[in-house]
Amino acid sequence: MSRKPIFAANWKMNKGASETEDFIKSFLSKTQGLNLPADIVIAPPFISLPKLATLLHESNPVDNAHAIQIAAQNCSQFDSGAYTGEVSVMMLREFYVHYVILGHSERRAIFGETDAIINAKIKKARETNLKPIFCIGETLEEREAGKLEEVLRTQITEGLKDISEKDLSDIVIAYEPVWAIGTGVTASSEQAQDAHAFVRSVIADLYGTDPAAKIRIQYGGSVKPANAAELMACPDIDGALIGGAALEPQSFIEIIKNGTPV
Ligand code: PEP
């Protein structure tokens, strides 16, 4: 089963509109004429989405074979109303947002998002055809306590509760061990492959072997140009969700190039 790799830059709370412009101009000029056989996604802060949408709309996707797709870093599980500080899926669609990162460990740990909230957000995203990048992953304590599989199974089962097979086909899973995010410590390719194979087996239990074979599972956690090739060579790893190393255009490009050998 061949799955197109997907590389997504999660800028977190970095890059306002002017830094977004600098990045995109540089990224587009450096990738002109390159063959990068992967989906490329950028998730800026909400405030930079209009600038990103305008810049990408102005760039000619015919000249630029690998048009970038836009992701949001979060969305509300509600449609509209008295939810101070929140952003709805309909608002995101106005800025050509195609993906939304949901369940990131920072949202879970710092902002108290539960599996039930993440499930509600996934459902809301699918109502407007937004494609969730659904993040799961264990803490170091959970891994060391032998709870890796239990944690991942619960996050997947609860996060995807009542999600149809059709909607699953537009979901990307990001396996991100919490201990590897922003720490410089990467899971070994063996640890990552084992976890990815387990995630795929849980999807097979829930939806059957065909959807499990089709779903794309990204690895996330201190991916860099130097470790991208080894990680992406694993049979169940289909791209990466990248934080720190995707803040510089050249570094993001090197990860994509190294992770998608032609
Ligand atoms: C992330 O934020 O999803 C992430 C993987 O960050 P980093 O690449 O910096 O570890």
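Numbering of residues begins at 1 and proceeds along the displayed sequence. Counting convention: from 1, in listed order, for ligands and their atoms alike. Computed from heavy atoms alone, side chains included, the values below leave out hydrogens, waters and symmetry copies.
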* Considering the options Arg108, Lys161, Arg153, which one meets the salt bridge (Lys or Arg N to Asp or Glu O under 4.0 Å) requirement together with Asp115? -> Arg108

* Which protein non-hydrogen atom lies closest to atom 1 (C) of ligand 1, naming both residue and atom, and how far is it? -> His104 NE2, 3.2 Å

* Structure fact -> If you scan protein heavy atoms around atom 5 (C) of ligand 1, the nearest is Glu176 OE2, 3.0 Å

* Would you check whether Gly243 has a nitrogen or oxygen atom less than 3.5 angstrom from a nitrogen or oxygen atom of ligand 1? => yes

* To do: For the residue pair Glu142 and Thr139, confirm or rule out a side-chain donor-acceptor distance under 3.5 Å.
  => yes

* Of the options Lys4, Arg200, Lys214, Arg216, which is the one that meets Asp238 in a salt bridge (Lys or Arg N to Asp or Glu O under 4.0 Å)? -> Arg200

* Structure fact -> Contact region, Ala180 to ligand 1, non-hydrogen atoms below 4.0 Å, reads backbone

* Structure fact -> Note: ligand 1 atoms sitting under 4.0 Å from heavy atoms of Asn10 are 1 (C), 2 (O), 3 (O)

* Which ligand 1 atoms are under 4.0 Å away from a heavy-atom of Gly244? -> 7 (P), 8 (O), 9 (O)

* Hey, which of Ile133, Ile171, Ile122 is the one that makes side-chain contact (heavy atoms from CB on, under 4.5 Å) with Leu102? -> Ile122

* Gly221 heavy atoms, cut-off 4.0 Å: which ligand 1 atoms fall inside? -> 5 (C), 10 (O)

* Structure fact -> Per-atom filter on ligand 1: closer than 4.0 angstrom to a heavy atom of Gly182 are 7 (P), 9 (O), 10 (O)

* Structure fact -> Per-atom filter on ligand 1: closer than 4.0 angstrom to a heavy atom of Ile181 are 1 (C), 2 (O), 4 (C), 6 (O), 10 (O)

* Asked: Would you say ligand 1 has an N or O under 3.5 Å from any N or O of Glu106?
  -> no

* **Polar atom proximity, Leu241 to ligand 1 (N or O, under 3.5 Å)** => no

* Scan side-chain atoms only and decide if Glu138 and Tyr175 contain a donor-acceptor pair under the 3.5 Å cut-off. => yes

* Do the rings of Phe78 and Tyr83 sit parallel, tilted or perpendicular, given the 30° and 60° boundaries? -> parallel

* Please check if atom CG in Leu140 has more than 12 non-hydrogen atoms from other residues, nucleotides or ligands closer than 6.0 Å. => yes

* Nitrogen or oxygen atoms of Thr183 and ligand 1 under 3.5 Å apart -> no

* Asked: Do we see a donor-acceptor contact under 3.5 Å between the side chains of Thr186 and Asn227?
  -> yes

